[in-house]
Amino acid sequence: MATIEERQQEIISEFSMFDDWMQKYEYIIELGKDLPLLEEEKKSDDLLIKGCQSRVWLHADYANDGTIHFKADSDAIITKGLVSLVIRVLDGMPAKEIAQSDLHFVNDIGLSSHLSPTRSNGLASMIKQMKIYGLAKM
Amino acid sequence: MATIEERQQEIISEFSMFDDWMQKYEYIIELGKDLPLLEEEKKSDDLLIKGCQSRVWLHADYANDGTIHFKADSDAIITKGLVSLVIRVLDGMPAKEIAQSDLHFVNDIGLSSHLSPTRSNGLASMIKQMKIYGLAKM
Amino acid sequence: MTTQDSIILPKAVDKLRDEFPILHQEVNGHPLVYLDNAATSQKPLSVVESITNYYLGYNANIHRGVHHLANLATEAFEKTRKKLAAFLNTPDQREIIFTSGTTDSINLVAQAWGRMNVHSGDEILVSMLEHHSNIVPWQMLAQEKGAVVRVIPITPKGEWDLTDLNQLVNAKTKIIAVNHVSNALGTINPIEILIAEAKKVGAKVLIDGAQSVVHFEVDVKALDCDFYCFSAHKLYGPTGVGVLYGKAEVLEAMAPYRGGGEMIHTVSFSGTTYNEIPHKFEAGTPNIEGIIAFGAAIDFATSLDKDFVQSHEHELLRYATEKLSSIEGLKIYGESENKVSVISFLVDGIHPYDLGTLLDHQGIAVRTGHHCTQPLMEHFGIPGTVRASFAVYNTIEEIDMLYNALLKAISMLK
Amino acid sequence: MTTQDSIILPKAVDKLRDEFPILHQEVNGHPLVYLDNAATSQKPLSVVESITNYYLGYNANIHRGVHHLANLATEAFEKTRKKLAAFLNTPDQREIIFTSGTTDSINLVAQAWGRMNVHSGDEILVSMLEHHSNIVPWQMLAQEKGAVVRVIPITPKGEWDLTDLNQLVNAKTKIIAVNHVSNALGTINPIEILIAEAKKVGAKVLIDGAQSVVHFEVDVKALDCDFYCFSAHKLYGPTGVGVLYGKAEVLEAMAPYRGGGEMIHTVSFSGTTYNEIPHKFEAGTPNIEGIIAFGAAIDFATSLDKDFVQSHEHELLRYATEKLSSIEGLKIYGESENKVSVISFLVDGIHPYDLGTLLDHQGIAVRTGHHCTQPLMEHFGIPGTVRASFAVYNTIEEIDMLYNALLKAISMLK
Ligand SMILES: Cc1ncc(COP(=O)(O)O)c(C=O)c1O
Ligand SMILES: Cc1ncc(COP(=O)(O)O)c(C=O)c1O
């Protein structure tokens, strides 16, 4: 199975093929549209991660082998696309690795503004929450 | 009797003979020293005009002819010297003229910083108080 | 600027833009189109220069100084108070209190006036259009005192619904706190009606003018409100400075707010006496730099031709409304006839954050989200809007760029 | 700067003075000698430039923005928080709260912490050396709550008299609020003793660091105080900005202070929830410009060689004390061995205002008056002092100029 780092490199190389921001966003939007990540009835308030801008619902399943499986969704499509990339990177990884991960790919693919903790969007809060889930089972 | 304006012009022409600020201040300090304007026991709190920097005691006597006679003192010698100049200008003048007076001479003799209402020294407050006395009898 | 000139709008605007170097830059490879003016305005060179002049020439702490620099700084500082008194048309400079912003001004009143005058069962009236800064301070006061915050409802157009005014303003009403202009929708509110109504029951009125003063002239004496407040940073001035206008007799009867240097007359451990207004409410070293620069901002604002500002902003609003309305699925929130140059909108099925992000990548700076008016967004049942807010230095071409960028963003997101 | 360099003090200081253009001017025909640094420090070019860069390059409202300028501004703003955390040596940035100054910081604690935790009969301990800003907020709180303000007395040298410490700090003591360095006398106070004593009785400790941080390093974690505060403007930074450091768990348990934008999580008329620290205490648009420039000021302060600052300031103090002591009738107030570079003095029979005026006419800027420490002046039975306060950019020659100007002033006044 690919490591967190390998998965990030995969995404980075995928994005390196795009010439401009427009193509990148088109791809992210497509990812966001393609992936209805969470059933409507699961979007309960206790799964809700509130950013000032977009909301994210995050669901975590702990497996017996110490790995964590995530499902998530967002009301904003760009956030949703990015969410699907983050899930792709962290889903099914061991708790400890999730807790210690450095999700540099969002920066590397040129979308750093979505990751900055000073931005009030849901993505940054979601990544933080995923690490907390990881920490809890370390 | 000289008018307020004439008295001010007199002072201005006196001061025009000094070459530099040092001579001006020496003269003012001399005026301050020469003139013990108020007896110690008269420096009561109800006559006190508080500036942040120097304190002024001001005593006003209303004469029957509608004029006002002032006595004043200050704990700072420069203020005291200036106080004596102001008294020289306003003492014994009719209430109305006092209320409406424009004491430009402090500016004209190059000591404007003592007159500015934003300076927290007693002189500016004293002049204000003298005008209030004038206003009260207009 | 004569009326003649103001007909040749584009020329006048071009000249104006020279005063704002920040506008002449590229963002993400596109020319910057700054349409986030309701959040904060850009600053003309004269304001920036006044800051530089202060720090390079006469920086000093004020009021208590006996030296030359302190005198210069004090005079420049107090000159702003004088300018603001003229700007708001009060003859009494003591009615101008410097704060750190609109939010600070409102909190000052809610605490220093409110805690003395609002009691259990009393009512505080706000409107559904208020900014959080004009809601939360009153909720905090109401909670402490057991008072009630009541809310003026709105019509679908985003205007106050004053049908039940007689009931909303009643004998229990102690203060009415409403904005002059809604920051989320742009509605210009008929505050005169409320002020008149307040008088009938002896309630005080605070007007949040954060969004009004940059668009039109305000005369606090003609309005006859008790308090009026706004921030410098939305009026070409620096951040960290605000104003609270208050009627002298009301201010004089108020308890102090912050304790400290400057606001006292005498301090002793056996008892402290407070300074006169306005100093009673200005504890500690003020934002000297900011207040001096605020003076330059007021100078700039008053140097603009009033007719030009009105007609140009009106034209921007009209044109933008026309263009945006032509976009399928786009809904404008706030459709009053009385609006400043602000347009809030949503596009069917598209989240405002997505739109904002894709506009930013095309150089267009708009604000998205709840605009600190969550109750209003909740009322409309929406997560937020995209808000384009225009200043006098914006151009018709920039609205075309907004329009084109919007079409592109929508085509990507749909 | 190496230790080698710092031996050649004059050269190093000359170089430093190039960063402060304001110092190179004439006042009343004399070169300016700025010795009013305890009132406010001058600002290096880098601080002024950071303001210009902000307004000409990336001015925008922060936190809630989705556009490029807002991102740049938010990042620069939050970077200052990070710098301040490092400056005070806390690993937790949430413990850094931006205020409008020391006065505002103290009022915040007196209200948001004090109103919840101080009750009738409780004691608040301050010292005779406090600035009004660290007296009046506690008097206001005590008055509201029926609490008592007690005062640490001082020795004739101007140091705390801790003889009755066991009695002053007792089971009723809820908070001790004292300054690290006295602004009127320059005394460096042994706050460690009080902090240790406070722990024994479970009292909180607030340190007013307005006068300390510019002179020596402060480590809030080593001190283990609950609150520490200071103003940017006395540390090479702009006016209108201050810091409140607070222990996270103490801040978290506190009620909010000002209500408004940013400090909330959700607002609704049925109930409002507050944001996490630090934002809970930062309502409204902050002083974005000032906080960004504060970052540049911190950079400047930390770029100075610590040994150089200490040895140069020590030399200025030593030399000035020696020269001034030689003047007949001159009495220095504050004679602790532990002092920063501040000298307060009076000359027999001469009012400080007269001295200050005549010094100003010779280009020397000093502060005269009560220095917002009226209880201390009352204690000494004097109307005020003349205070010369030295910064790292002052020179030995300037002290000679002060000395000569003083002699002249005295000869005129005697
Ligand atoms: C010891 C001390 N505390 C508090 C203050 C108040 O600081 P600010 O006026 O910046 O709020 C000062 C500044 O004069 C001070 O020296
Ligand atoms: C209507 C209104 N009120 C209050 C505020 C708060 O102003 P500030 O953040 O400058 O305190 C704003 C600014 O966003 C506003 O638009």
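If you're wondering where the values come from, they're calculated on a predicted model, not measured in any experiment.
For M140(C) against P256(D), the heavy-atom pair with the smallest separation is CE-O, 3.9 Å. Residues Q374(C) and T266(D) share a closest heavy-atom pair of OE1-CA, 3.1 Å. Residue F269(C) comes nearest to I135(D) through the heavy atom pair CE2-CG2, 3.7 Å, listed as atom of the first residue, atom of the second, then distance.
A donor-acceptor contact closer than 3.5 angstrom is absent between the side chains of T239(C) and E289(D). A donor-acceptor contact under 3.5 angstrom links the side chains of H67(D) and D36(C), judged on distance only.
Under the 3.5 Å distance criterion, the side-chain polar atoms of N107(C) are matched with a main-chain donor or acceptor of G259(D). The main-chain N or O of S100(D) is never found under 3.5 Å from a side-chain atom of S100(C) such that the two would form a donor-acceptor pair. Panel note: side chain Q25(D), backbone G57(C); a donor-acceptor pair is recorded below 3.5 Å. In this structure, Q42(C) contributes its side chain and N59(D) its backbone to a donor-acceptor pair below 3.5 Å. Remark: the backbone N or O of T40(C) is not paired with any side-chain donor or acceptor of N61(D) at under 3.5 angstrom.
Residues H68(C) and L32(D) form no side-chain contact, since every pair of their non-hydrogen atoms from C-beta on lies 4.5 Å or further apart.
Contact of H233(C) with chain D is made through the side chain alone, with heavy-atom distances under 4.5 Å. In this structure, chain D has heavy atoms under 4.5 Å from both the backbone and the side chain of P238(C).
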